[in-house]
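See structure below.
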Number of protein chains: 2
Amino acid sequence: MRDEREAPAEPAREQARPRLIGRGPAARARPLLSPTAIGPVNRGRVLQALFDLGPTSRAELARYAGVNRTTISGIVQPLLDQGVLVEGAPLPAAVTGGKPARPLWFSPDAAPICAAMLMPHMAHTALVSLTGEIFAENVCRFDPDPASAGPLIDGLADCLARTLAAAGRPPLGIGVAVGGMVDTDSNTIVAVNLAPVLARYPLGQELGRRFRLPVSIDHHPRAMLLGERWFGIGRGLRTFAAIYTGEVLGCALYLDGHLYRGPGGGGGELGHTFVQLDGELCRCGRRGCWETIATLGWLRREARAAGLPQPDAVTSSRLAELAVAGDTAAARLMDRYARNVAVGIANLHQTMSPEVYVLYGDVVGGGTAMRDAIARHVRELVPPRPGRELTFALGDIEDRATLRGAAGLVLSENLQFAL
Amino acid sequence: MRDEREAPAEPAREQARPRLIGRGPAARARPLLSPTAIGPVNRGRVLQALFDLGPTSRAELARYAGVNRTTISGIVQPLLDQGVLVEGAPLPAAVTGGKPARPLWFSPDAAPICAAMLMPHMAHTALVSLTGEIFAENVCRFDPDPASAGPLIDGLADCLARTLAAAGRPPLGIGVAVGGMVDTDSNTIVAVNLAPVLARYPLGQELGRRFRLPVSIDHHPRAMLLGERWFGIGRGLRTFAAIYTGEVLGCALYLDGHLYRGPGGGGGELGHTFVQLDGELCRCGRRGCWETIATLGWLRREARAAGLPQPDAVTSSRLAELAVAGDTAAARLMDRYARNVAVGIANLHQTMSPEVYVLYGDVVGGGTAMRDAIARHVRELVPPRPGRELTFALGDIEDRATLRGAAGLVLSENLQFAL
DNA sequence: CATGGTATGTGCGAGCCTCGAACATAGCAC
DNA sequence: GTGCTATGTTCGAGGCTCGCACATACCATG
């Protein structure tokens with residue numbers, strides 16, 4: 001345990017340095033800006049703006065970014081020459097006249113991104129174009145309970161190799177969304193439930209060695225969030241959250257224009273926050289975690305208690321069907337489930353107050369009815385704050401969202417120059 | 001209510017723009033960098049580094065920031081000429097020889113910052129030097145339950161005027177820490193408990209008009225956090241949290257090198273997150289908020305139930321005294337209180353995982369015993385994450401921390417060019 | 001069909017800022 | 001005194017954006 005010091009009572013400054021806490025010896029300031037750094041940064045920001053706006057002319061981009069048109073031309077021209085961008089057909093001019101604008105957009109022939117999801121029981125790989133299309137998909141299933149990480153990694157690598165073979169040109173990089181804890185500083189898997197052999201596996205390094213491409217890995221809710229940020233509802237938003245529901249709960253945050261990764265890639269482990277201190281025993285050994293009331297485990301126990309048919313196969317999707325068919329017990333259970341999910345979202349909202357929540361996993365099966373129920377409960381559970389609104393959206397189906405998210409990892413690495 | 005859309009199933013891009021959610025018409029990209037912008041940004045970062053490191057030579061700053069020595073000289077020279085910085089006595093050279101370094105530090109004659117705290121019952125103003133010293137303090141008390149905002153604002157303004165009269169040169173600006181909700185976009189008070197007349201008062205604008213100085217306002221936990229970031233334990237940390245306890249709970253977050261302010265200045269309202277869904281009724285009308293178990297209200301009710309003397313005057317400080325004196329009931333209550341405080345911190349930790357927590361308000365009175373108890377409970381309530389450590393620190397006494405924090409608001413405005 | 005109006009995209013020189021190399025400075029050790 | 005080391009400064013080179021002027025392309029009107 002590190003020493004725990006108190007703020008001094010004496011005038012602060014004399015021995016300023018010894019009082020610093022928690023800084024490694026290699027601590028570095030945020031680097032200063034240099035004229036040469038401007039280029040890549042601005043190129044990244046222009047491309048971000050393109051993602052956020054869709055096909056856009058140079059003049060429009062200049063207005064959006066608040067810079068001179070010539071600046072945009074200078075940034076964009078090399079990208080056109082390299083074939084990253086293409087110039088679309090001239091748009092009809094506005095009624096007021098003027099030279100018609102030529103929108104810029106990503107070339108279908110630009111380098112794609114190789115995306116992968118790695119789950120305990122399967123791997124799924126694909127190429128993702130800069131326009132968000134998914135192609136060259138490959139899937140492989142793993143034996144349950146493998147004795148070592150080898151077979152899983154080999155399976156994933158085979159899948160990746162097949163997918164990469166379909167790429168016309170070398171992709172920008174490989175992004176992997178992992179169904180478990182990931183240390184994003186070291187590109188290493190920390191632990192995967194149901195696949196303990198993957199604990200501490202240096203996945204980034206290993207894939208980089210095999211394929212000679214930059215590799216970005218992260219855990220899967222964060223990847224989904226980035227998929228949304230680059231290709232989905234998150235485009236142009238400054239602050240939003242992704243919530244994954246199902247057997248477990250997951251969460252990721254986009255705050256103030258940046259994916260939030262806590263120290264060592266922590267943060268977002270909302271499933272084990274307390275919502276009922278003396279509640280049910282959780283898998284983590286504590287009582288009353290959000291996971292004890294907002295996962296499929298809870299739902300199925302309650303479905304059995306309510307006498308629903310096939311309680312162990314109940315999902316939000318099934319509940320919604322039953323409710324539509326007039327099963328009032330199912331409708332009641334669905335509402336209670338929605339409220340339980342809403343509790344965790346409400347707590348998150350009080351803590352960080354993002355503007356938009358994107359829901360993934362099981363609750364997506366419940367459709368708009370489920371989404372609206374969750375939204376209603378969250379609004380009821382959060383003290384009103386005048387002028388602030390809340391938006392709830394249903395995310396893509398799981399694999400699609402995750403693959404796009406894995407691609408988003410690579411994009412973020414390439415475009416979001418930290419500064 | 002805003003419409004709530006789903007991610008489309010078709011290839012994403014064609015009608016990209018209509019799908020954007022939650023963007024005002026004036027949405028702007030992060031601005032591009034320009035050569036002229038580099039100057040102020042780098043100056044700000046060098047000054048930040050000075051705050052973080054204490055008195056430091058040009059060469060050391062250059063190493064820390066990873067830039068050429070000449071660059072630092074170029075940035076620092078104008079600041080020396082203006083009298084913001086001064087060159088200290090040459091430090092003895094290292095054993096290995098070399099020209100002795102001349103550390104740079106803030107001049108005692110540099111422009112100070114005018115800091116204020118505005119609470120329902122009082123105002124407290126002071127000048128804060130760039131070295132963190134507090135002087136020219138003034139205090140005024142308000143009548144309870146005033147009929148209008150006028151007298152409160154006049155009282156604050158009088159206080160400010162007296163403090164400003166003591167300043168040798170015009171201060172950098174006025175920072176105000178407000179004991180209530182603040183909209184930092186509009187520099188307006190949203191609401192203050194116990195002083196409803198201040199609701200929606202445009203404090204920033206009014207003080208700017210009266211004193212012709214830049215004004216920054218924010219709610220007081222966030223100010224305290226910034227005080228720590230610039231003058232205290234937070235120097236050089238990338239991610240930490242401030243937790244205020246007492247009659248109410250407050251919280252502020254410094255994430256990845258930035259103060260977190262949610263949309264419209266929201267976020268950090270941890271007091272009304274649920275920790276016991278069927279718990280006590282909270283002032284907010286909901287049940288089981290953290291505030292129902294981790295404030296002085298709870299503590300005093302329990303003190304009465306435990307038969308402690310003068311239960312309505314119990315504080316952490318008093319509890320600690322009793323416990324030291326051998327009162328086991330007090331010791332037990334103190335531990336329960338510490339655990340209740342720890343619950344909210346544990347939830348925050350799961351959500352954002354900051355490295356360091358600085359505690360303010362009532363629990364500071366409980367001293368290291370209280371801090372250690374809270375630390376122990378948090379560590380017990382959070383699933384372990386290998387390699388991550390948690391640090392707990394006691395903050396300054398309240399007014400001091402808050403005034404420095406108010407000064408920190410102005411510094412952040414001046415130095416932390418958003419970018 | 002010619003003309004004026006409007007908006008887009010492109011050269012060109014100016015200005016800002018950092019960088020590297022070379023140099024002056026100031027202490028230590030022998 | 002001589003060599004060594006590290007700090008701080010001088011100066012020219014290079015990267016990037018900006019404003020201005022200009023070519024281009026379409027509309028509306030008479």
Side-chain angles (χ1 to χ4, degrees), chain A residues 29-46 49 53 55-81 85-105 417 419, chain B residues 29-46 49 53 55-81 85-105 417 419:
Chain A
R30 207 162 317 182
L32 298 192
L33 267 39
S34 81
T36 37
I38 290 183
V41 169
N42 281 358
R43 183 167 58 242
R45 294 198 178 166
V46 168
L53 297 174
T56 309
S57 71
R58 298 168 178 80
E60 174 83 18
L61 282 170
R63 276 191 298 270
Y64 182 72
V67 297
N68 199 293
R69 288 201 304 276
T70 55
T71 304
I72 299 293
S73 286
I75 292 172
V76 152
Q77 196 53 56
L79 295 169
L80 287 162
D81 296 342
L85 301 179
V86 287
E87 212 166 33
L91 286 169
V95 279
T96 149
K99 174 174 171 177
R102 260 161 301 184
L104 305 175
W105 190 231
F417 298 93
L419 275 196
Chain B
R30 206 163 320 183
L32 298 193
L33 267 40
S34 79
T36 38
I38 290 183
V41 170
N42 281 358
R43 183 168 56 242
R45 293 198 179 168
V46 167
L53 298 173
T56 309
S57 72
R58 297 168 178 80
E60 174 82 17
L61 282 170
R63 277 191 297 270
Y64 181 73
V67 297
N68 199 294
R69 287 201 304 276
T70 55
T71 304
I72 299 293
S73 287
I75 291 171
V76 150
Q77 197 53 56
L79 294 169
L80 287 163
D81 295 343
L85 301 180
V86 286
E87 213 167 34
L91 286 168
V95 279
T96 147
K99 174 174 169 175
R102 260 161 303 185
L104 304 175
W105 190 232
F417 298 92
L419 279 193

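Every heavy atom of this structure was used, including side-chain atoms; hydrogens, water molecules and symmetry mates were not. Remember, it's a predicted structure, so these values are computed and weren't measured experimentally. A note on names: the letters A, B, ... follow the listed sequences, proteins ahead of strands, and every chain is numbered from 1.
Using a 4.5 Å heavy-atom threshold, the side chains of B:Leu33 and B:Ile38 count as separate. Counting heavy atoms from C-beta outward, B:Leu61 and B:Leu53 have side chains that approach closer than 4.5 Å.
You'll find that the side chain of A:Ser34 is closest to C:dT18, out of C:dT18, D:dT17, D:dA25. Comparing C:dT8, C:dC17, D:dG8 by their closest approach to the side chain of A:Pro35 singles out C:dC17.
As rounded to whole Å, 12 Å separates atom C1' of D:dC16 from atom CG of B:Leu32.
Residues passing the side chain to side chain donor-acceptor pair (under 3.5 Å) test with B:Thr70 are B:Asn68, sequence neighbours excluded. Partners of A:Ser34 under the side chain to side chain donor-acceptor pair (under 3.5 Å) rule, at least two apart in sequence or in another chain, are A:Thr36. Residues that satisfy the side-chain contact (heavy atoms from CB on, under 4.5 Å) test with B:Pro78, not counting sequence neighbours, are B:Gln82. The side-chain contact (heavy atoms from CB on, under 4.5 Å) check on A:Pro103 picks up A:Pro55, A:Leu91, with sequence neighbours excluded.
For A:Arg43 and D:dC16, the shortest distance from a side-chain N or O to OP1 or OP2 is not below 4.0 Å. B:Asn42 has no side-chain polar atom (N or O) that falls below the 4.0 Å cut-off from OP1 or OP2 of C:dC17. Residue B:Arg58 has a polar side-chain atom (N or O) positioned under 4.0 Å from OP1 or OP2 of D:dT9.
In terms of position on DNA chain C, the residue among A:Ser57 and A:Thr36 whose nearest nucleotide sits closer to the 5' end is A:Ser57. Two residues, A:Arg102 and B:Gly39, neighbour DNA chain C, and the one matched to the more 5' nucleotide by heavy-atom proximity is A:Arg102.
Non-hydrogen atoms lying under 4.0 Å from DNA chain D are contributed by B:Arg69, B:Thr70, B:Ser73, B:Gln77, all within residues 67-80 of chain B.
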